[in-house]
Amino acid sequence: SKNVITVGASEGVRAFGGNDGCSISDAQANSANDIIGFSSRGPCDDGRVKPDLVTCGTHVTGGVFPSSVGNAVAGSGTADGCYDGSSVCGGVGSTFFPAGQEWTSASSGTSHSTPAVAGFAALIRQNFINKGMTAPSPAMTKAMMMVSAGYMNGVGANDNLYSNSQGMGTVNMNNYFSIIDNPNMIRDQQNADMFTSTGQEFLRTGVVDNIALPVKITLAYTDAPGPTNGNSFVNNLDLEVTENGNTYLGNIFTASLSNTGGVADNKNNVESVFLPIGTSGPISIKVKATNIAGDGVPNNASPLDQDFSIIVSNFVERLVPIASSSGSTVIAESCGTGLVLDPQDHITVSLPITNTGNLATTNLVATLQNTGGIIFPTSPQS
């Protein structure tokens, strides 16, 4: 189910004074930073990452449907006679929690973390509408929840995102409001951005709004239907972000932050790049149509196409030049062989500089930094 939002379970934080009816103890409900053992882990058969997100799934309380409405404070309501507590954990020695009333019960499982995420999705949709924005597509809703998720470093987590245990982390509504209420770039399945053939690219550039906040980018797209056996992915879009001469590919993480290097993700239809507090830009954001092999946008004239949704937090779109390099190469030396830098050797280094932005460079200057063992570098070079 590549296009759905798949939810795992972290621990809740609520002591019952013993095991609930599903044998979940207080020790399994004492840290929202831990993944509970019963939460299913990925990957999928074809190597895609699941789950997408997690949230609390142990000792979760909820209402019991009543036969009569009494006094909620006094707890005098009566549960409907059809309610027998089946498929619900309940509390300690009771089908209700707290004991002594019939208004609420409790349970544990991903069946309880999942509706919490569904509620969050509904709130995101309503928040878009309240702001006068077009209601978000399913892909944008998914991207928004994943870009705003909080990294978990507790038991069963503490791994590299996008993770087969925690997905992109635990849903975090405060992070969502920080992203949506501060400068950002949102593109949601716009016709002008639609890819219709392999090799096409979408490019936007800009600057960081506030260096005291991180920069987070998430791309999501609703992929064309695929086979139920073998690889289910059909179209492949790749995210590529360049900042301060460094290029970051989607879903290449160490813990909660993106790393350079790695290879493009050809399986998952959600890709993220998270840059740390202090990132100063400028930044280029590229979405590449690496492979358009199916009908990702049905009911139009094109049999091969794919649209997408992307959110960039803490970002002001602007035309800027962005200089980057794919690395240096030693092309000549004054003595010795093998193009290896020896003591007292003089070498010639080729350092290709590419402008990955969308504004021409002027008066470009390169400066050799006093790092990596280099002492007394020369002055800046035009």
Side-chain angles (χ1 to χ4, degrees), residues 2-3 5 49 52-53 121 124-125 127-128 131 133-149 161-162 167-168 175-176 178-196 200-209 213-223 233 235-243 247-253 258 264-275 279 281-292 296-297 305-320 322 356-358:
K2 58 191 173 183
N3 295 323
I5 299 168
V49 176
D52 299 306
L53 296 157
I124 289 175
R125 180 180 179 85
N127 189 238
F128 268 58
K131 291 178 178 295
M133 303 165 63
T134 301
S137 68
M140 175 54 70
T141 304
K142 188 176 188 178
M144 273 294 186
M145 285 197 282
M146 294 177 73
V147 78
S148 61
L161 301 179
Y162 179 20
M168 287 305 290
N175 287 351
Y176 163 76
S178 176
I179 289 171
I180 198 71
D181 291 337
N182 283 294
N184 60 57
M185 184 188 80
I186 294 175
R187 306 281 295 189
D188 190 10
Q189 295 185 347
Q190 298 191 21
N191 287 332
D193 302 340
M194 187 186 305
F195 297 124
T196 54
Q200 294 176 333
E201 294 183 347
F202 165 92
L203 175 67
R204 290 294 185 275
T205 60
V207 296
V208 178
D209 177 68
L213 296 174
V215 177
K216 295 187 173 185
I217 306 105
T218 294
L219 161 75
Y221 56 98
T222 299
D223 194 15
F233 44 88
N235 292 329
N236 179 25
L237 306 186
D238 286 317
L239 176 64
E240 184 177 294
V241 177
T242 301
E243 186 271 335
T247 297
Y248 300 88
L249 303 179
N251 294 347
I252 305 297
F253 279 80
S258 292
D265 185 339
N266 67 347
K267 295 180 174 64
N268 295 290
N269 59 335
V270 181
E271 295 192 14
S272 297
V273 170
F274 290 177
L275 304 179
T279 299
I283 297 174
S284 74
I285 295 132
K286 184 182 293 185
V287 180
K288 303 167 70 173
T290 304
N291 187 36
I292 304 298
V297 186
D305 49 21
Q306 184 62 61
D307 55 13
F308 62 89
S309 300
I310 189 168
I311 166 70
V312 185
S313 74
N314 190 27
F315 177 82
V316 178
E317 190 174 347
R318 189 175 297 168
L319 297 179
V320 292
I322 296 180
T356 61
N358 46 19

Val270 backbone acceptor or donor facing Tyr162 side chain under 3.5 Å: no

Tell me if a side-chain donor or acceptor on Asp188 pairs with a main-chain N or O of Ser137 at a distance below 3.5 Å. yes

For the residue pair Phe195 and Val287, what are the closest heavy atoms and their distance? CZ-O, 3.5 Å

Nearest heavy atoms of Val273 and Tyr248, plus distance in Å: CG1-CB, 3.8 Å

When you measure from the side chain of Asp223 to the backbone N and O of Phe233, does any donor-acceptor pair fall under 3.5 Å? no

With no hydrogens and no angle check, is any side-chain donor or acceptor of Asn314 less than 3.5 Å from a backbone partner on Leu213? yes

Side chains of Asn251 and Asp265, donor plus acceptor under 3.5 Å: yes

Considering all heavy atoms of both residues, which atom of Thr205 and which atom of Ile322 are nearest to each other, and what is their separation? CG2-CD1, 4.0 Å

Gln306 and Gly296 have their tightest heavy-atom pair at OE1-CA, 3.5 Å

What closest approach, in Å, do Asn127 and Tyr176 show between heavy atoms, and which atom pair accounts for it? OD1-OH, 2.8 Å

Do we see a donor-acceptor contact under 3.5 Å between the side chains of Thr196 and Asp305? no

Between CD on residue Glu271 and OG1 on residue Thr218, distance to nearest 0.5 Å: 10.0 Å

Between Ser313 and Pro214, the two heavy atoms sitting closest are OG-O, 3.9 Å

Heavy-atom count around Asp181 CG within 6.0 Å, excluding the residue itself: above 12? yes

